[in-house]
Amino acid sequence: MKGFFSAEEMGKPDFCDECGLFRTCITPKMSYTGNGNKKTLIIAEAPGEEEDAKGIQLIGQAGQLLRTCLNKLNLDLDQDFWKINSVNCRPPKNRKPTKKELQCCKPNVEKAIEELKPNFIWLMGTVAVDSFFMSMFSGEPSIGKWRRYVIPFHKYNCWVIPMYHPSYINRVKDTKLQMVFENDLQYAVSCLNLERPVEIDYNNKINKLTNFSIIMEELNKVNNNEKPMFFDYETSSLNPYKANQKIWSVSFATSSEEAFAFPLHYPYWDEIELFAIEEMWKTILKNPKILKIAHHLKFEDKWNRTVLNTKTQGWDWCTMTTQHILDDRAGITGLKFQAFTRWGIFDYEKNIQKYISTNETTQNNLDKAPLQELLQYGGLDSLFGFKLWEEQKLEICRKKPLQKGNALFLEGIKALCDVEENGIGADKEYYEQEHNRLTEEIFKIEETLYACPEALIYKQHTGKDINLKSTKELNILLYDLLALTPEKLTDKGKNSVDFESLNLIQTDFTRNLVTYRKYLKTRDTYLAQFKREICPDGRIHPTFNLHFARTFRSSSNDPNLQNIPVRDKEARISCRTGLIPSKGNQIGEVDFSSLEVRIMACYTNDPVLMDYINDKTTDMHRDQAIDILQLPASEITKELRFHTKNSIVFAFFYGSWYKPCAEGFWKNIKGLKTVSGVDIYKHLKSKGLEYYKVADLGIASSFERHLQKIEIKFWEKYKVTKEWTEYQENFYLRHGYVELKTGFRRSGYLKRNQITNTPVQGSAFHCLLWSLIELNKEIKSRNLKSKIVCQIHDSIVLDIVSSEVQEIVKVTREIMTERIRNEWKWITVPLDVEIELAPIDSPWLDKEEYKED
DNA sequence: GACGTGAGCGCG
DNA sequence: AAAGCGCGCTCACGTC
């Protein structure tokens with residue numbers, strides 16, 4: 001059946017003129033086709049060659065895949081659906097439609113929707129999503145983020161279900177992706193019996209309180225009723241530790257029927273009124289019988305501690321953290337995104353957005369926003385937060401294994417909130433001086449670089465000085481003007497100018513450029529950041545997040561304390577000299593030794609791996625180095641072992657293979673010597689092992705062939721680990737997710753390495769998190785004055801009172817090696833820690849191995 | 001001017 | 001067959 005519109009009627013002619021695609025295709029302005037028995041409209045991308053030739057959507061290869069999959073579900077693409085494209089004329093050579101073309105064709109799609117009034121709209125692929133939600137969301141068109149949502153779309157009174165485009169499945173050819181696609185399709189089909197969505201007006205459910213006695217009355221009710229309460233602040237910035245911060249307004253909800261909002265530090269009250277309201281609100285916060293819920297618990301808790309000087313009691317749930325546990329995808333935890341995908345609510349922040357500044361000023365302008373709008377916005381946040389909590393409780397109930405993870409992370413964010421409050425001491429004066437010093441160094445190197453012949457050549461050809469920070473201009477210089485051969489490509493296939501590439505060139509220019517980059521990185525990424533983040537109390541208060549990492553690890557930002565240089569000596573000194581203990585204290589760091597390998601052993605139960613871990617006289621990396629380097633154990637230096645471990649053993653475990661490993665390892669051992677001082681390349685040569693690359697001839701060097709044999713032996717040795725990776729992949733194919741022993745699941749399209757890496761990386765961090773929670777409790781209950789100041793995936797950093805060092809070390813070791821194994825029986829190998837300590841009043845830089853007596 | 005992306009690089 | 005995984009920050013650059 002043909003659609004309603006004839007070619008002439010499709011869209012406004014001026015839009016089509018502007019787009020122009022209709023001039024170059026066989027079937028211009030293709031109307032929708034199909035019978036739509038299931039009242040479902042499929043919106044795809046654009047006609048391909050076959051579609052264009054026959055005037056029917058989805059009949060090419062991709063369409064056939066969709067047809068087959070639907071047939072398996074007893075559906076017929078032509079009978080049960082209507083089909084239309086986001087762009088309805090074929091773009092030449094099937095290229096991706098441009099934004100303009102999508103815009104021009106949108107009215108055609110909308111017309112079809114208005115005519116057909118579908119119950120369901122399936123959006124196939126990124127382009128369809130991007131086009132459909134055009135101007136509703138800035139950017140983020142990634143389909144991975146949108147798939148698996150069934151969105152009530154009130155404008156068209158229907159449900160919108162985004163999915164992968166079948167052509168993507170065809171192109172990638174991966175059974176795992178195919179599985180995800182078919183599951184999604186099945187899910188979408190299972191929704192076909194839904195009634196049309198019901199739109200609810202939430203705007204009239206907000207009580208904006210601006211009368212003093214009414215506020216006091218409502219707060220009194222909350223305090224007396226003692227029902228679970230969601231609350232939310234609008235504040236003057238994201239960081240309450242910065243100077244002069246305010247909580248402009250407060251909102252809360254104790255049911256999904258109504259929410260309340262009132263001004264706090266928003267300029268409105270006189271002193272006496274404000275005092276009374278603050279005290280009443282604090283009473284509620286301190287009432288442990290009132291369970292507290294927030295979307296980003298840590299945020300509200302921090303503001304209570306600092307601005308209201310109040311420790312919140314009764315924290316029960318963080319809807320943002322739980323959302324991450326329910327669905328680990330990036331960019332979905334925001335309340336706005338949840339409100340849209342769950343209830344079709346959209347754009348309720350639009351009146352307030354312009355007052356929330358995004359730049360670096362320490363305060364936003366929310367105090368200049370009209371009070372009624374501010375309160376309306378805040379109230380809606382609380383209402384939606386409460387609704388979200390209600391739905392999440394049910395979802396977590398249905399997914400029992402996740403309750404463990406949810407509980408761990410709730411305790412985790414509370415403990416990390418303490419860590420953030422503690423902050424780490426920072427020497428502002430030092431960072432300013434060091435920043436200036438590096439600026440001078442950078443200036444000198446710049447002068448040297450501009451005097452190099454390379455820079456002059458660039459100027460001759462282009463008429464301007466080269467921007468040494470520009471990868472694009474460096475690319476032109478090195479591979480165009482100087483005609484050097486690129487050895488490495490970037491992810492997107494361009495010639496790389498990174499360290500590795502520059503290092504191969506070995507001229508004065510590239511050597512200086514490498515140093516120049518290092519200094520810039522040190523100054524601009526670290527020193528500048530530290531300078532900016534030092535608060536009036538002389539400390540840096542970073543954030544530690546549990547709602548980002550897809551493996552359920554943590555992350556850190558503002559500043560990120562988890563990536564401060566340590567391997568490069570010069571950068572390490574520059575950055576770490578200014579991170580200091582409180583007066584009279586010592587910085588200590590406790591690391592889990594080889595944590596990920598141990599956790600991997602817990603997952604795989606590989607006896608060979610477990611033997612290595614259990615028997616401290618053996619060393620898996622040393623044994624591997626013996627084989628690879630053809631050296632006796634006595635000739636293997638620390639460095640040689642180190643590179644074997646990192647470039648080969650770990651790489652193999654995480655899914656790499658001999659070819660890239662041979663290349664990487666060979667580069668990394670350059671210049672190293674054996675214990676008796678023989679150059680390692682020379683030694684390997686004497687064993688007939690050499691590495692070279694012959695472009696495109698497919699000739700493997702002797703070292704590469706050697707490593708190929710090593711790899712075969714490696715997997716014979718660790719065959720149980722190998723079997724486990726296969727089991728994991730199978731489990732994922734059957735269930736659509738991978739499961740962690742610590743109460744988490746990761747779903748969506750995962751590559752092979754992600755399937756094996758996620759449980760190991762995640763659960764390893766959970767060991768650290770559990771230990772941190774325990775240690776934090778212990779410090780409090782023993783009334784110790786030492787503080788946890790940072791956490792880096794498998795280590796805890798402390799600001800330790802000198803007289804407490806022994807006690808802290810003892811209890812930390814006990815927690816991390818003994819108590820944790822009592823708590824988690826799945827840890828079937830011993831855990832071990834390494835402890836480092838810096839002298840009194842010395843920076844983190846000076847940490848040294850700590851020997852217990 | 002705001003925003004997103006790519007390249008590069010720091011850590012576990 | 002296959003080119004470890006996970007993050008955050010900065011700059012350049014293109015787009016609207």
Side-chain angles (χ1 to χ4, degrees), chain A residues 98-100 103 135 137-142 173-174 328 330 353-354 357-359 467-475 488-502 514 517-518 520-530 532-533 542-545 548-568 571-572 575-576 591-592 594-596 600 646-664 708 711 725 746 750-762 764-765 768 790-795:
Chain A
T98 64
K99 258 218 147 64
K100 199 176 106 189
Q103 256 161 8
S135 76
F137 299 92
S138 66
E140 300 172 343
S142 136
K173 288 198 189 346
D174 180 346
D328 67 287
Q353 200 60 53
K354 57 177 177 281
S357 65
T358 50
N359 64 24
N467 179 353
L468 297 164
K469 296 177 194 167
S470 163
T471 51
K472 195 182 156 207
E473 293 184 13
L474 284 172
N475 225 303
K488 196 184 159 190
L489 299 179
T490 66
D491 284 348
K492 298 284 167 189
K494 299 207 173 99
N495 295 333
S496 173
V497 292
D498 68 355
F499 171 80
E500 209 182 313
S501 309
L502 295 181
V514 165
R517 276 212 190 136
K518 185 171 97 179
L520 279 177
K521 175 87 175 165
T522 304
R523 186 191 66 177
D524 296 343
T525 300
Y526 297 103
L527 304 183
Q529 210 191 164
F530 292 164
R532 190 175 66 232
E533 297 293 346
T543 61
F544 294 101
N545 313 294
F548 280 121
R550 303 208 50 195
T551 53
F552 301 103
R553 253 195 183 183
S554 67
S555 73
S556 163
N557 65 305
D558 291 327
N560 180 357
L561 284 192
Q562 295 178 327
N563 72 344
I564 303 169
V566 63
R567 294 169 200 164
D568 181 274
R572 181 178 71 222
C575 297
R576 293 190 179 227
D591 275 61
F592 271 119
S594 57
L595 183 59
E596 287 200 6
M600 182 180 264
N646 284 317
S647 306
I648 298 180
V649 178
F650 283 173
F652 281 175
F653 274 141
Y654 290 126
S656 189
W657 54 301
Y658 71 91
K659 219 181 175 92
C661 285
E663 189 177 351
Q708 185 176 14
E711 189 193 336
T725 61
R746 179 173 180 182
L750 301 179
K751 306 257 172 81
R752 192 173 50 106
N753 294 332
Q754 295 174 309
I755 293 169
T756 51
N757 187 2
T758 296
V760 175
Q761 196 179 87
F765 167 67
L768 189 277
C790 180
Q791 158 272 123
I792 318 175
H793 308 304
D794 66 356
S795 78

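Below, read A as the first sequence line, B as the second, and so on, with proteins coming before strands; counting in each chain starts at 1.
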Fill in: Distance in angstrom units between A/W657 CH2 and C/dA2 P, rounded
8 Å
Item to complete: Please work out if A/F765 contacts a base, only the sugar-phosphate, or nothing of the nucleic acid, heavy-atom cut-off 4.0 Å.
Response: nothing
Worksheet item: Given that A/T758 and A/K469 both sit by DNA chain C, which one's nearest nucleotide is further toward the 5' end?
Response: A/T758
Discussion item. Once you apply a heavy-atom cut-off of 4.0 Å, does A/R572 come out as touching a base, just sugar-phosphate, or nothing?
Written reply: nothing
Worksheet entry | Between P of C/dC11 and CD of A/Q529, the distance in whole Å | 11 Å
Worksheet item: Would one find a side-chain N or O of A/S555 under 4.0 angstrom from OP1 or OP2 of C/dG8?
Response: yes
Item to complete: Grab the NZ-C1' distance between A/K751 and C/dA3 for me, whole Å please.
Response: 12 Å
Discussion item. Using whole Å, what does the distance between atom P of nucleotide C/dA12 and atom CD of A/E473 come to?
Written reply: 10 Å
Fill in: Under 4.0 Å protein heavy-atom contact, by nucleotide of nucleotides 7-12 of chain B - B base, S sugar-phosphate only
SBBBBB
Discussion item. Can a side-chain donor-acceptor contact be found between A/Q562 and A/S555 if the only test is distance below 3.5 angstrom?
Written reply: no
Worksheet item: For A/A549, which contact category applies under a 4.0 Å heavy-atom criterion: base, sugar-phosphate, or nothing?
Response: sugar-phosphate
Practice prompt. Check whether the side chains of A/D558 and A/T543 place a donor and an acceptor atom closer than 3.5 Å, and report yes or no.
Written response: no
Worksheet item: Is A/K521 close to A/Y526 at the side-chain level, that is, under 4.5 Å between some pair of heavy atoms?
Response: yes
Worksheet item: Roughly how many Å is it from CZ in A/F530 to C1' in C/dG8, rounded to a whole number?
Response: 12 Å
Discussion item. Looking at A/T756 and A/N753, would you say the former's side chain and the latter's main chain have a donor-acceptor pair under 3.5 Å?
Written reply: yes
Item to complete: Would you kindly give the CG-to-P distance between A/L520 and C/dA12, to the nearest whole Å?
Response: 9 Å
Worksheet entry | Pair A/T551-A/Q761, side-chain donor/acceptor within less than 3.5 Å | yes
Discussion item. Measuring to OP1 and OP2 of C/dC7, would you say a side-chain N or O of A/S556 lies under 4.0 angstrom away?
Written reply: no
Discussion item. Can you confirm whether A/D174 sits close enough to A/R752 that some side-chain heavy atom of one is under 4.5 Å from a side-chain heavy atom of the other?
Written reply: no
Response to the item:
The side chain to side chain contact (heavy atoms under 4.5 Å, CB included) partner of A/I564 among A/V566, A/N560, A/L561 is A/L561
Worksheet item: How many Å lie between CD on A/Q708 and P on C/dA1, as a whole number?
Response: 13 Å
Worksheet item: Roughly, in whole Å, what's the span from CG in A/N545 to P in C/dG6?
Response: 17 Å
Worksheet item: Which nucleotide in the set C/dC7, C/dT10, C/dA12 lies at the smallest distance from any side-chain heavy atom of A/R550?
Response: C/dC7
Worksheet entry | Side-chain N or O of A/R752 closer than 4.0 Å to phosphate OP1/OP2 of C/dA3 | no
Discussion item. Partner lookup for B/dG6, please. Criteria are Watson-Crick or G-U wobble with both distances under 3.5 angstrom; report none if nothing qualifies.
Written reply: C/dC11
